[in-house]
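Right, one structure below, let's go through it.
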Amino acid sequence: MAHFDFIVAGSGVSGMVFAQIMAAEGKKVLVLEKSERAGGCLASATYDNFWLELGGHTVYASYASYISAMKHAGLEENFLPRKKVPFRMLTSAGLVPITKCLNKLELALNVPSAFFTKKAGKTVREYYTKILGRGNYEKMFRPMIAAVISQEGSDFPADMMLKSRPKDKSLPRSFTLKGGMTEFINKAAKHGNINLKTSCGVESVSLSGGIYSVVAGGETFTSDNFVSAVYPAEAGRLLADVAPEASAILTPISSAKVESMGVIIKKEDVAVEELSFIIAADSEFTSVVSRDVAEDSKYRGFAFHFKPDRLTYEQKIAVAEKVLKTDKSKFAHVAETVHFCPTLKLGHEERMDRLDEIIQKVKGLYVTGNWFTGLAIEDCAFRSTAEANRTF
């Protein structure tokens, strides 16, 4: 029975940032991942030396914790500034600039409200309707938020969305990595003190005599410390025996299923203008994220993020054909993945405060994820860094 200093469930940004910090301290870390690939919501599809993001796709200069993790992984030389290309909104008139969907008179009448309207205690709909106007919210801002988080976000706490953070002015405003976002996951996993097992989901976790026993992939592993870095309901399942009060808080928190399809196509086979992002107001998908921000001499790539359980594979292909104005015979490569994005409601921060009170009383238990302070990559890294600091 193998023993580790830390066992981490989940190999996304949250799990790998925690594992990286502990490995750098000389600790032996086992990372268990139920999927056949590591990375969670980071998923870079590759074809003929071309990569396309099917999940998280951008690092901002304000992502201090995540940037620190990438630098520790030796990736600073791989930072690739994103080329500035436009956003577009998909409407009945086709692809139009997002400003075309904005009623400027309504905006002018409502924007002064921003000076005395507070985000705290308000939903996204309540806050942004107040400062943009109801029409602008429904026509432009609501689909924009849905595109960003791949689900309807109107009931999210307003203060957990579009947060302002200090920027590192020595870095590009926004960037990616030369080999795709999963470079961080792959590089971190190569640390000599990290043992990553994919296709090895955690079946059960128990605690006895200060030692955690974790059953995964038909094997039992032991550790002095257990780290949950999975989505909330799954974390609730894992903690049912070791921290039932924490489990009761986590289990009811839902997550939206996101079905992503990436299409890689030769440049000459697609006539759509260069763009970074397509926002869909009323469609079977919430957004299309383009690879045009990192230009390639041969290919272009487009990741469609579909609403769950609505379309078959062939129907998704048909949507891609229509949006890209081309035929599927021109698709050089198609890749798919599924991931889950937590759904947050008012009162979430108070629930997380209560969760922290509970887990800090359980020896060797740590919980991280992209659902403590927000859904961004930085929120993952920030929480994992804070949890790792509790071990010192």
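The shown structure was predicted, so the numbers you read here are calculated from the model rather than taken from an experiment. In what follows, residues are counted from 1 in the order of the sequence shown.
Between Thr286 and His305, the side chains place no donor N or O within less than 3.5 Å of an acceptor N or O (distance only, hydrogens not considered). With 3.5 Å as the limit, one finds no donor-acceptor pair spanning the side chains of Asn225 and Ser223. No side-chain N or O of Ser174 forms a donor-acceptor pair with one of Thr58 less than 3.5 Å apart. If you check the side chains of Thr312 and Glu314, you find no donor sitting under 3.5 Å from an acceptor. Judged purely by distance below 3.5 Å, without hydrogens or angles, the side chains of Asp379 and Thr373 pair a donor atom with an acceptor atom.
When each of Gln151, Glu152, His348 is checked for a side chain to side chain donor-acceptor pair (under 3.5 Å) with Thr343, only Gln151 meets the rule. Residue Glu284 forms a salt bridge (charged side-chain N to carboxylate O under 4.0 Å, His left out) with just one option from Lys316, Arg310, Lys322, Lys307, and that option is Arg310. Of the listed residues (Leu32, Leu42, Val31, Val230), just one forms a side-chain contact (heavy atoms from CB on, under 4.5 Å) with Ser11, and that residue is Val31. For the side-chain contact (heavy atoms from CB on, under 4.5 Å) criterion with Leu207, the lone passing option out of Val362, Leu239, Leu365 is Val362.
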**Request:** Mind running salt bridge (Lys or Arg N to Asp or Glu O under 4.0 Å) on Glu274 and Lys83 for me, showing each step along the way?
**Result:** CA-CA 10 Å; Glu274 281 198 342; Lys83 187 172 72 170; 3.0 Å; yes

**Request:** Would you sort out whether Phe175 and Phe79 count as a ring pair (Phe, Tyr, Trp, His ring centres under 6.0 Å), showing the intermediate values?
**Result:** CA-CA 6 Å; Phe175 58 96; Phe79 291 179; 4.5 Å; yes

**Request:** Could you check Thr99 against Met140 for side-chain contact (heavy atoms from CB on, under 4.5 Å), going step by step and ending with a plain yes or no?
**Result:** CA-CA 9 Å; Thr99 52; Met140 183 275 289; over 6 Å; no

**Asked** Asp224 and Lys27: salt bridge (Lys or Arg N to Asp or Glu O under 4.0 Å), yes or no, with the steps?
**Response** CA-CA 11 Å; Asp224 303 314; Lys27 305 297 183 182; over 6 Å; no

**Message:** Pair Thr368, Val227 - check side-chain contact (heavy atoms from CB on, under 4.5 Å), show working.
**Reply:** CA-CA 7 Å; Thr368 183; Val227 185; 4.3 Å; yes

**Item:** Step-by-step side-chain contact (heavy atoms from CB on, under 4.5 Å) determination, Val214 to Phe226
**Value:** CA-CA 9 Å; Val214 179; Phe226 178 72; 3.9 Å; yes

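A parallel orientation is assigned to the rings of Tyr47 and His333, their planes being inclined by less than 30° (bins at 30° and 60°). Between Phe306 and Phe304, the ring-plane angle classifies as parallel under the 30° and 60° cut-offs. Aromatic ring pairs are classed by plane angle as parallel below 30°, tilted from 30° to 60° and perpendicular above 60°; the pair Phe277 and His57 is tilted.
Nearest heavy-atom pair across Pro157 and Lys345 is CG-O, 3.3 Å. When all heavy atoms are compared, the tightest approach of His3 to Ile211 is CE1-CD1, 4.2 Å. Nearest approach of Ala246 to Ile359, heavy atoms of both residues: CB-CG2, 4.1 Å. Nearest heavy atoms, Glu106 versus Asn136: OE1-N, 2.9 Å.
The backbone N or O of Ala248 sits nowhere less than 3.5 Å from a side-chain atom of Thr251 that would complete a donor-acceptor pair. A donor-acceptor pair under 3.5 Å is formed between the side chain of Arg291 and the backbone N or O of Trp51. One N or O on the side chain of Lys267 and one on the backbone of Asp296 form a donor-acceptor pair closer than 3.5 Å. Without hydrogens or angle criteria, Thr326 side chain to Asp269 main chain gives a donor-acceptor distance under 3.5 Å.
No continuous path of hydrophobic side-chain contacts links Val338 to Met261 [ILVMFWY only; heavy atoms under 4.5 Å]. A continuous path of Ile, Leu, Val, Met, Phe, Trp and Tyr side chains, each step under 4.5 Å between heavy atoms, connects Leu311 with Val323, placing both in one hydrophobic cluster. There is no path of hydrophobic side-chain contacts, each under 4.5 Å, that joins Leu196 to Ile7. Connection of Val148 to Tyr127 is established within a shared hydrophobic cluster, with ILVMFWY side chains joined at heavy-atom distances below 4.5 Å, either directly or through further cluster members.
Taking 4.5 Å as the limit, some side-chain heavy atom of Glu138 sits within range of a side-chain heavy atom of Arg125. Side-chain atoms of Lys187 and Leu177, non-hydrogen and from C-beta on, never get closer than 4.5 Å to each other.
Between the CD1 atom in Ile278 and the CD1 atom in Ile98 there is a gap of 12.5 Å [rounded to 0.5 Å].
A salt bridge between Glu350 and Arg354 is absent, with no side-chain N of the basic residue lying under 4.0 Å from a carboxylate O of the acidic one. Salt bridge annotation for Asp292-Arg300: present, with a cationic side-chain nitrogen under 4.0 angstrom from a carboxylate oxygen. Ion pairing of Asp48 with Lys266 is absent here, as no side-chain N (NZ or NE/NH1/NH2) approaches a carboxylate O to less than 4.0 Å.
Judged by a 6.0 Å distance limit and a 45° cone about the ring axis, Lys298 is not positioned over the six-membered ring of Phe50.
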